[in-house]
Amino acid sequence: MSDTEEQQHLLGDEDGEVSSMRPKNESGPGRPMSALADPSRLPHRIIVLVFMCFLGFGSYFCYDNPAALQTQVIQDMDLNTSMFMQLYAWYSWPNVVLCFLGGFLLDRVFGIRAGTIIFSLFVCAGQVIVAIGALSNKFWLMNVGRFVFGIGGESLAVAQNTYAVNWFKGKELNLVFGLQLSMARLGSTVNMNIMGWVYNRVAALVGSPGHTALGVSLMIAGATCVFSLSCALVLGFLDKRAERILNKESRGTGEVIKLTDVKDFPFPLWLIFFICVGYYVAVFPFIGLGQVFFIEKFNFSPAEARAINSVVYIISAPASPVLGFMVDKIGRNIIWVMCAVTATLMAHMMLAFTFWNPWIAMSLLGVSYSLLACALWPMVAFVVPEHQLGTAYGFMQSIQNLGLALISMGAGSILDVKGYLFLEVFFCACVCIALIAVVMLYFVNHLQGGELNLSASARAELHKASNPDSE
Amino acid sequence: MAEEMFFTIYFFAISLLLTVRVSSNLIDYSEIYQRNVSLELNPGLNSSLTSLPPGVGLLHARALGNNDTLHYLLCSLGAPALLLVHTNSKSSKVEVDWPAFLSTNASGSLRVTPENSVLYSNALVFTRLWEYSDTNDTGEPEHLPASSFFQPYELQNFTWRDMNNTLDPTAHTAMLCGGDGSENFSNGSFCLKFSAFDSVAREKSWPSLLHNANSSQVRVWLDGVTPRDNKSRFSLELQAVGDTQPMTRVNVLLSIDDEYTPSIFKVSQWVSLVNTTSPVLSYAQWKPVAYRKASPLFEDATPCHHSTPVTIAQRPPSGLVLAYFKGEPHTTGLNITFSIAGDPFYNTTNYLSWTVLIGLGSPPVDSFSPLVVAIMTVGLGTPLLIILVGSACVCVRKKRLQPQVYQPIN
């Protein structure tokens, strides 16, 4: 308790003066607000934070529904693996474009509150369409559902970040980002471990496994989206209320996307893009296909396979904030990225070429995945000027989604024709591309005298005068 | 410091790959040699003197090596059987006393001469096709009551179509198809496709078993047979007959390489072993997978499993075995069960195929394809190369810059 108060004092000193003073001035001493109801006080912000965290829960929960129900989806809908992976590809396609547009739509068209609700509605509608597609045994309808779901999903993440910036900028922002990421991972983990059970119960209830059981299970999963939608509504209300009480203007995403900036991107940024694509395509499509891999190669039971498939997310939930803090304190981002990429390569090689207990490889993958996220994304801020940051991040996410869409489909086809060893070798090759890019980045940065690989203290010296909350 | 750590990890990764490559037991290149394969139907039969009963045929495949000969004999008299005889002579022959061979007292009517050149002989007989109703979808017929089983199809009672029409002398293959004449087989058949090989290769179609000049292959399939229950599954009974070293145990090996047989990480080998240290004399090798379509896709694979081999007192009902083996040969048998719990039943596709490799010496071992090796070499080699070149550049630059820094002091 004393801790939080102390923190509040410190934060108040930092930059909270305007916002924390205003309600007193406005409402006067005669109407003191309780801490829970006062938007300028920490207890209220914590309540807001809870809703903020659950805002993304539904979409993360449902994003990995196909991975959690891989065998069931393939059998009930009579698919092959490459068709199955289209469920992931269709999620990624809209985001190739929307990553540029999401911020713009939130800022200029819908506004943050309406935008969040609209995107939540898209997520809900998408999931319902997926479930109806399964119920009516129409696979194309499931793909349509995933497309609609994708429109909402990634943009909702942008909205979530914008809310976080609105409420926590200059205060506990990094911690909040970390917590939101943890919640996202929690959603994925819960999904991985609970959906098989849900399906079995539904199958027992319906009478037999089949597309009806699948549809009902997906509909039940959709409840999490409705829950997130209600969080969006509450958040909208709280934000509106705060705006009224504090008389503040809601801050936008701050993203200004100018496609023409792309031609000015420095060479190191392109290398960072390569790392991003090469790395993430070897993680997410792998998790999408992981369950059956663990069953077939390592003789895991379906429940065990789901558990190990979610271990990356489980590790990532607590590790992300810790590793983020560590990278912040130590600096030397390129070395961390190198370690993360190398560890991932080793993990994939273990899975490909050995029968070692896959928990080793998957744990390694989990830690390196968290480490990479903490070390890679902030690097962008060091190589492009601030006014291009929005474009750079939008572009990075966009090509990441493009890569994910293409590789998801490719990975399914490779598995269908060449089997798991070749698939793993393919993922190794993707990680190798990331490795090549990071090694080149190291030397390019070294030769150009860039600051990417400076220690945190050296960096701080370099930036003595500039603002402290560059991410 | 951190850089050093990275490089250590990197080299560890490479050495990991190398050790795995060594331990995965690549092709033993001494095994690569060619044989000259020729096929002959009903050797020594004078059709004017002896007329064959319908459906009976004896295929002789002769695989001539540098100083030895392998004789494969596929026969449809009684239960279909494949006999493998290894001789140390380049001129050994198969001699059949046809009238005796077709009679009830066939013993000794088929010989490989000169008889003292015979080093080893072994036969694999396809005796029965079991059908059972898997009501509870367990895929484990061993644990089912006898009432779940239908009357098995005795392959010795099947009528086989003429092998002559299916003989392919260039591809060294022949096909044996037949049925029991009942209604269930009116649109379907049970078939065996025999292939003899002259060198190391693998077939395109799954399971793409690696074969060599010392092996032959039998693909078995059950096409369009009417199952006697909606939840029917099938098992195939095999018997192995050997003079000296019978095939007594099945080893299941793990294989990290599923490139050629996607999603199958095991190889089963039914081997003849005198004791654990002596080399394997002959084998039947298969991957524990059957396919539910004639040109299967990934999802048409269905795992299969085998029962423990047991010794059988009487000889299998094969004319070839009765004619060739004298005295009391050793017989063992096992069942291959197709599909496991949860997999679709036979009636979804009305098709099942399973492939077994039968050969002499050590069974072939899968190795990584050149493509996999190339991808990993390039993938790991390129970053290493960049590290070396980059470090060299940085060092050179440092050296070149240093004098300029220190000169003004002088």
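Letters A, B, ... mirror the listed sequences (proteins, then strands); counts begin at 1.
Heavy atoms of other residues, nucleotides or ligands lying less than 6.0 angstrom from NZ of Lys231(B) number more than 12. Residue Phe274(A) places its CZ atom among 12 or fewer non-hydrogen atoms of other residues, nucleotides or ligands, all under 6.0 Å distant. Taking a 6.0 Å sphere around CZ of Arg201(A), one finds it holds 12 or fewer heavy atoms contributed by other residues, nucleotides or ligands.
Atom CD1 of residue Ile256(B) and atom CG of residue Leu351(A) lie 11.5 Å apart, to the nearest 0.5 angstrom. Annotation: the span from Leu384(B) atom CG to Leu435(A) atom CG amounts to 9.5 Å, rounded to 0.5 Å. From Asn80(A), atom CG reaches atom CZ of Phe298(B) across 9.5 Å, with rounding to the nearest 0.5 Å. Rounded to the nearest 0.5 angstrom, Gln75(A) CD and Asp343(B) CG are separated by 6.5 Å. Atom-to-atom distance recorded for Lys418(A):NZ and Ser369(B):OG is 5.5 Å, nearest 0.5 angstrom.
For Ser208(B), no part lies near chain A; criterion is any non-hydrogen pair under 4.5 Å. Heavy-atom distances place the backbone of Ala352(A), and not its side chain, under 4.5 Å from chain B. Neither the backbone nor the side chain of Glu424(A) has a heavy atom closer than 4.5 Å to any heavy atom of chain B. Proximity to chain B (any heavy atom under 4.5 Å) is restricted, for Asn299(A), to the side chain, taken from C-beta onward. Contacts between Ile375(B) and chain A at a heavy-atom distance below 4.5 Å involve the side chain alone, from C-beta outward.
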Could you go step by step and tell me if Tyr420(A) and Ser263(B) meet the side chain to side chain contact (heavy atoms under 4.5 Å, CB included) rule?
CA-CA 6 Å; Tyr420(A) 284 105; Ser263(B) 86; 3.7 Å; yes
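For Phe353(A) and Phe368(B), the distance between ring centers is under 6.0 angstrom.
Minimum interatomic distance between Ile386(B) and Phe443(A) (heavy atoms only, all atoms of both residues): O-CE1, 3.6 Å.
Comparing Leu79(A), Ile74(A), Asp78(A), Ile433(A) by heavy-atom pairs within less than 4.5 Å of chain B, the highest count is held by Leu79(A). Of all the listed residues (Phe355(A), Phe422(A), Phe298(A)), the one sharing the greatest number of non-hydrogen pairs under 4.5 Å with chain B is Phe355(A). Looking only at heavy-atom pairs under 4.5 Å with chain B, the residue among Val417(A), Asp416(A), Thr71(A) that has the most is Asp416(A).
Using a 4.5 Å heavy-atom cutoff, the side chains of Val425(A) and Glu259(B) are not in contact. A heavy-atom distance below 4.5 Å is found between the side chains of Leu380(B) and Cys432(A).
Of the possible polar contacts, one joining the Asp258(B) side chain to the Leu421(A) backbone as a donor-acceptor pair under 3.5 Å is found.
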